[in-house]
Amino acid sequence: MAQTYDHQVVEAKWQAHWTQTGLFQVTESATTPKYYCLEMFPYPSGRIHMGHVRVYAIGDVVARYKTMRGFHVLHPMGWDAFGLPAENAAIEKGVHPNVWTQDNVAYMKQQLRRMGLSYDWDREVNTSHPDYYRWNQWIFLKMVERGLAYRKRSAVNWCPSCETVLANEQVLAQEGKDGGVCWRCESVVIQKELEQWFFRITHYAQELLDGCDRLTSWPARVLAMQRHWIGRSQGVEIDFPVADPADDLTAIRIFTTRPDTIHGATFMSLAPESPLVEQLIAGRTEAGPVREFVQRVSRLDKATRTAADREKEGIFTGAYAINPFTRERIPIWVANFVLYEYGTGAIMAVPAHDQRDFEFATQYDIPIRLVIQNPEGTLAPEALDSAYEEQEQAGVLVNSGTFSGLFVPDGKQAIGEHVEAQGWGTRTINFRLRDWGISRQRYWGTPIPMLYCEHCGLVPVPENQLPVVLPEDVPFTGKGGSPLKESPSFAKTTCPTCGGTARRESDTMDTFVDSSWYFLRYCSPKDTGQPVNPEAAKHWMAVDQYVGGIEHAVLHLLYARFFTKVLRDLGLTTVDEPFVHLLTQGMVTKETYWCEDHRWVLPSETRKEGGQRLCSQCGKAIVIGRTEKMSKSKKNIASPEDLCDRYGADTARLFSLFAAPPEKDLEWSDTGVEGCYRFLNRVWRLVYEQLPLMGEVNSKSGSESSELLAKLQRATHHTIQKVTEDLERNFQFNTAIAALMEFVNELYKLWKDYPSDALTVNERAGWRSAIESLLLLLAPFAPHLTEELWETVGHSSSIARQSWPVFNPELVASVEWTIPIQVNGKLRSKVRVPAGSTKDQVIATAQSDAKLMEWLQGETPRKVIYVEQKLVNFVI
RNA sequence: GCGAGAGUGGCGGAACUGGCAGACGCGCAAGAUUUAGGAUCUUGUGGGUAACCGUGGGGGUUCAAGUCCCCCCUCUCGCACCA
């Protein structure tokens with residue numbers, strides 16, 4: 001190998017070598033502990049970007065480090081290969097989604113190999129392959145059996161022009177239009193009732209919530225988001241009798257978390273979608289206007305309707321209810337802000353103590369009655385300018401009959417009990433979490449394995465007929481609903497029960513289903529009899545370290561937790577939670593360049609002139625914009641391929657890990673990358689320059705000491721300690737790398753200070769030990785370069801298979817201490833004392849220090865503080 | 001509004017349980033080498049002539065505060081009518 005560092009040659013050599021020797025293939029082992037390191041698998045969009053480089057570099061260092069620490073590490077990779085972009089490519093370019101996807105997979109796999117990632121590619125999964133998605137179908141059938149998958153009508157976003165369901169994030173707001181528009185054709189999106197398949201995630205709501213308490217190695221904000229999403233609240237359901245009931249609707253049930261305020265309920269509100277509305281208005285003069293209101297409101301898509309700043313609106317139904325506590329007649333309204341899906345779809349309205357009700361009552365002149373008084377007793381109903389919602393301080397019930405005088409928590413308790421005793425209702429718990437709607441009217445996803453038989457109705461596809469495979473012969477027009485409906489070979493089939501004609505379900509599953517259990521599939525990726533082999537799962541699960549983006553804080557991570565519990569209940573795994581440690585890495589950002597004529601421009605479209613950056617097209621001054629997440633539209637992307645060409649994968653990895661701690665945003669800097677490249681070159685040169693000195697010596701020989709040897713040993717062992725501690729303490733890669741840089745700086749200094757032609761055998765051994773430790777510590781970060789140099793210094797087995805170096809605390813200890821001397825807390829001097837000096841010895845040395853005497857001016861200190869090995873502080 | 005997090009040199013960032021603020025890298029400056037540029041190496045680099053001043057601002061605790069306590073400001077992200 002050449003004496004200059006040629007990253008292209010080195011990286012290609014070792015990537016080929018690793019593949020040929022199967023270095024990263026792993027099997028279950030009883031002799032060493034297991035470690036499961038996982039990064040979120042990518043969507044095969046076509047090219048990897050810097051975000052991928054960062055997350056996979058993080059995971060790879062973890063996997064390589066744990067391997068060197070003696071674990072057998074499962075470190076797999078695969079493809080989240082179903083999804084809409086493939087179908088769009090088919091519509092726009094006429095490429096079949098499968099071809100498009102598998103081409104992308106092949107390209108990106110080669111890109112990942114170029115990064116030198118230590119994956120066991122034998123375990124690769126691809127969710128768009130029937131061998132994978134058949135198990136989605138299998139799990140679905142098991143969930144149907146257990147009542148965890150079911151069908152119901154529900155409102156969805158529907159584009160009438162594209163004839164398809166849209167996800168909430170595919171509905172865009174557009175100015176001047178009341179409601180959202182389709183992202184593709186800009187038609188106004190409507191709400192449509194459709195039969196949809198749901199997973200009963202709410203069955204596990206309480207367990208999912210309780211589990212958050214045990215996920216102590218997850219970021220607090222992810223847990224906060226999950227807890228909020230699950231949204232447990234404790235309250236009471238109460239029947240309000242309808243006054244003068246016309247038909248069999250005698251009472252309306254509401255849910256409230258504030259039963260203590262019930263005496264202040266001066267009206268009721270129903271959700272516009274509630275079927276009760278029609279029952280109440282039948283035959284009344286209000287019927288026409290109310291229907292009009294309901295239609296107008298329910299046409300709006302959800303995002304628009306639930307925007308917080310949306311004005312409160314409502315209409316009186318003409319009907320009255322009886323407040324069971326006050327026996328008063330109160331009007332029943334329909335209000336746009338009441339959600340049909342939450343609670344009972346009806347509320348009691350207490351304007352004095354609920355801000356929404358307050359605004360509504362003020363707008364429509366409905367009486368406001370104060371029933372909670374503040375501790376100072378200063379609230380008056382006519383003087384309220386907002387609702388008094390305080391529950392923490394000692395609010396007291398007033399105007400509440402026999403309950404007056406109770407504090408709020410006691411009032412809640414007493415009124416809740418009274419409601420139950422009277423048989424008016426029950427105390428209940430409500431969750432914000434809704435069941436998970438998984439139906440998608442799309443082609444490129446897992447077919448839902450159900451049939452509609454003319455005689456038998458809904459029939460599951462028998463297990464032995466799985467997989468239900470996606471047909472190839474379908475048109476992609478972007479119109480006419482799901483392409484699967486257009487495939488006769490797919491849509492028409494026979495009923496497995498009666499043999500009659502049947503129609504296949506044409507909906508496919510949400511792609512979040514695929515990623516909800518892939519981590520289990522990696523344990524036994526080739527099992528043909530079940531989604532996961534329970535023995536393999538028992539060996540590998542749970543994932544010890546999961547690394548991925550914060551954008552999945554709720555959806556993916558919640559669904560994966562849900563599936564883990566379902567598969568546990570099916571006997572396939574024994575763990576309750578899939579991911580023990582979670583690391584959410586920050587975004588990769590870069591500064592943006594803005595030209596007022598040419599908008600965002602690439603750095604290469606600018607030139608520097610006299611310290612100013614100018615647009616190379618028009619010569620105008622460039623405005624350096626905010627540092628933002630890399631995106632094509634802002635033209636602030638850096639290309640992983642260019643980076644690997646110019647500097648190599650080791651540099652790319654090193655910079656991604658060095659420039660910021662993993663969980664924070666990483667600001668891209670081309671000069672910073674060069675700095676890392678320089679560092680690797682320095683390591684390379686150092687090894688080659690030391691090579692003649694390391695020749696024939698065995699690194700363990702002799703015992704005689706010398707100043708150089710002591711310094712080499714101290715630097716070496718101190719670095720081992722620092723790097724190890726930084727990795728053990730939350731994977732602080734940036735400071736670990738900084739320690740390695742310091743080590744290299746120190747070694748260059750020692751090489752300069754101690755002439756190499758006069759070294760003893762022991763000193764040569766010390767050099768060898770220092771260089772080898774450096775390579776071992778650097779190996780997880782820069783695997784190619786260290787493999788090459790490891791071979792150069794005379795080893796034949798891979799550095800990835802070596803043991804992590806161990807530090808000797810005795811060698812870390814220095815022979816003397818430098819102790820800062822303070823006077824009144826300010827640094828005034830420093831003294832050197834022999835290591836191991838006692839408090840009195842250190843103080844004595846300090847007091848004889850000339851600089852200190854100047855500061856003390858002959859005064860006797862009132863107090864002397866000594867912190868062991870840290871400092872002395874004289875207080876005068 | 002609620003929740004989470006962050007404010008430290010020209011820049012990215014260090015400082016684990018209160019104990020030398022600014023590790024490491026970038027940038028910048030000077031020097032060496034080189035015909036030159038580049039690369040490389042060496043040295044220096046918070047501000048201030050100085051006493052001193054410096055971790056968003058203001059108070060406090062302490063021998064000692066970036067770190068602990070109280071009040072305030074700014075920014076980022078997430079959620080947002082869930083009764």
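So you know, we letter chains A, B, ... as the sequences are listed, proteins then strands, and number each from 1.
A salt bridge between Arg434(A) and Glu341(A) is present, with a side-chain N of the basic residue lying under 4.0 Å from a carboxylate O of the acidic one. Under 4.0 Å is where a charged nitrogen must lie from a carboxylate oxygen, and between Asp239(A) and Arg253(A) at least one such pair does. Under a 4.0 Å N-O distance rule, the pair Arg296(A)/Glu313(A) qualifies as a salt bridge.
When the P atom is used for both rG10(B) and rG57(B), the distance is 14 Å, rounded to whole Å. For the P atoms, the distance linking rA29(B) with rU76(B) amounts to 34 Å, nearest Å. Across rU61(B) and rG48(B), the matching C1' atoms stand 31 Å from one another, rounded to whole Å. Atom P of rG56(B) sits at a distance of 15 Å from the matching atom of rA65(B), rounded to the whole Å. Comparing the P positions of rC72(B) and rA64(B) gives an interatomic distance of 27 Å, to the nearest angstrom. A gap of 16 Å separates the P atoms of rU45(B) and rA21(B), to the nearest Å. Comparing the C1' positions of rA6(B) and rG66(B) gives an interatomic distance of 13 Å, to the nearest angstrom. Using P as the reference atom, rG44(B) and rC26(B) are 16 Å apart when rounded to the nearest Å.
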What are the atom names and distances for every N/O pair under 3.5 Å that joins the protein to nucleotides 41-52 of chain B?
{"unit_1": "rC41(B)", "atom_1": "OP1", "unit_2": "Arg682(A)", "atom_2": "NH1", "d": "2.7"}
{"unit_1": "rC41(B)", "atom_1": "OP1", "unit_2": "Arg685(A)", "atom_2": "NH2", "d": "2.9"}

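Searching all strands for a Watson-Crick or G-U wobble partner of rA80(B) with both distances below 3.5 Å returns nothing. The partner of rA32(B) is rU40(B), by the rule that a Watson-Crick or G-U pair needs both atom distances under 3.5 Å. With both pairing distances under 3.5 Å, rU74(B) is matched to rA6(B) as a Watson-Crick or G-U wobble pair. In this structure rA65(B) sits in no base pair that meets the Watson-Crick or G-U test at under 3.5 Å. Across the strands present, rU45(B) finds its partner in rG27(B); the criterion is a Watson-Crick or G-U wobble pair with both atom distances under 3.5 angstrom. The partner of rG54(B) is absent, by the rule that a Watson-Crick or G-U pair needs both atom distances under 3.5 Å. The pairing partner recorded for rA21(B) is none, the criterion being a Watson-Crick or G-U wobble arrangement whose two distances lie under 3.5 angstrom. Across all strands shown, rC16(B) forms no Watson-Crick or G-U wobble pair with both distances under 3.5 Å.
The side chain of Asn734(A) places an N or O atom within less than 4.0 Å of a non-bridging phosphate oxygen (OP1 or OP2) of rA14(B). Note on Ser233(A): a side-chain N or O is less than 4.0 Å away from OP1 or OP2 of rA83(B).
A donor-acceptor pair under 3.5 Å links the side-chain atoms of Thr735(A) to the main chain of Gln732(A), judged by distance alone. Under the 3.5 Å distance criterion, the side-chain polar atoms of Gln355(A) are matched with a main-chain donor or acceptor of Ala387(A). For the pair Asp6(A) (side chain) and Gln8(A) (backbone), a donor-acceptor distance under 3.5 Å is present. When atom types are taken as modelled, the side chain of Asn873(A) and the backbone of Tyr866(A) share no donor-acceptor pair closer than 3.5 angstrom. Without hydrogens or angle criteria, Tyr342(A) side chain to Arg432(A) main chain gives no donor-acceptor distance under 3.5 Å. A donor-acceptor distance shorter than 3.5 angstrom exists from the side chain of Asn323(A) to the backbone of Ile262(A), with no hydrogens or angles considered.
One interatomic measurement links the two molecules: CG of Leu654(A) to P of rC26(B), which rounds to 12 Å at whole-angstrom precision. Taking atom CD of residue Gln822(A) and atom C1' of nucleotide rA64(B), one finds them 6 Å apart after rounding to whole Å. One can place CG of Asn730(A) at 12 Å from P of rA15(B), the figure rounded to the nearest angstrom. When the P atom of rC75(B) is taken as reference, atom CG of Asp665(A) falls 17 Å away, rounded to whole Å. Between the CD1 atom of Ile737(A) and the P atom of rA23(B) there is a distance of 18 Å, rounded to whole Å. Protein atom CD1 of Ile262(A) is 13 Å distant from nucleotide atom C1' of rA83(B), rounded to whole Å. The interatomic distance linking Glu341(A) (CD) with rA83(B) (P) rounds to 14 Å, in whole Å. Between the P atom of rC20(B) and the CD1 atom of Ile821(A) lies a distance of 13 Å, rounded to the nearest Å.
Listed candidates were rC79(B), rC81(B), rG12(B). Nearest to the side chain of Asn336(A) is rC81(B). With rA80(B), rA83(B), rG19(B) as the choices, the nucleotide that has an atom nearest any side-chain atom of Val338(A) turns out to be rA83(B). Considering only the side chain of Asn873(A), rC63(B) comes nearest among rC24(B), rC63(B), rG13(B). Across rG3(B), rC16(B), rA83(B), the shortest atom-to-atom separation from the side chain of Ala224(A) is found for rG3(B). Residue Pro661(A) places its side chain closer to rA14(B) than to any other of rA14(B), rC24(B), rG27(B). The side chain of Glu742(A) lies closest to rA23(B), out of rA23(B), rA83(B), rG12(B). Across rA83(B), rG19(B), rG12(B), the shortest atom-to-atom separation from the side chain of Phe658(A) is found for rG12(B). Closest to the Thr735(A) side chain, of the nucleotides rA23(B), rG25(B), rG27(B), is rA23(B). Among the nucleotides rG25(B), rC20(B), rC26(B), the one closest to any side-chain atom of Met741(A) is rG25(B). The side chain of Arg221(A) lies closest to rA4(B), out of rA83(B), rA4(B), rG27(B).
Between Tyr677(A) and Tyr5(A), the two ring planes are tilted [angle within 30° to 60°].
When heavy atoms are screened at a 4.0 angstrom cut-off, Ser269(A) is found touching no nucleic acid atom at all. Gly675(A) comes within 4.0 angstrom of sugar-phosphate atoms only, judged by non-hydrogen atoms across all strands, and of no base. Using a 4.0 Å heavy-atom distance criterion, Thr671(A) is classed as a sugar-phosphate-only contact. Counting non-hydrogen atoms under 4.0 angstrom, Arg432(A) reaches a base of the nucleic acid.
More than 12 heavy atoms of other shown residues, nucleotides or ligands fall within 6.0 angstrom of atom CZ in Arg227(A).
Judged by distance alone with a 3.5 Å cut-off, a donor-acceptor contact links the side chain of Lys830(A) to the base of rC20(B).
Take the nearest nucleotide of RNA chain B for Leu871(A) and for Val554(A): the residue whose nucleotide is more 5' is Leu871(A). Checking Val875(A) against Ala220(A), the closest nucleotide of RNA chain B that is more toward the 5' end is the one next to Ala220(A).
The glycosidic torsion of rG9(B) lies within 90° of 0, placing the base in the syn range.
For the residue pair Glu746(A)/Tyr748(A), the side-chain donor-acceptor check at 3.5 Å is not satisfied.
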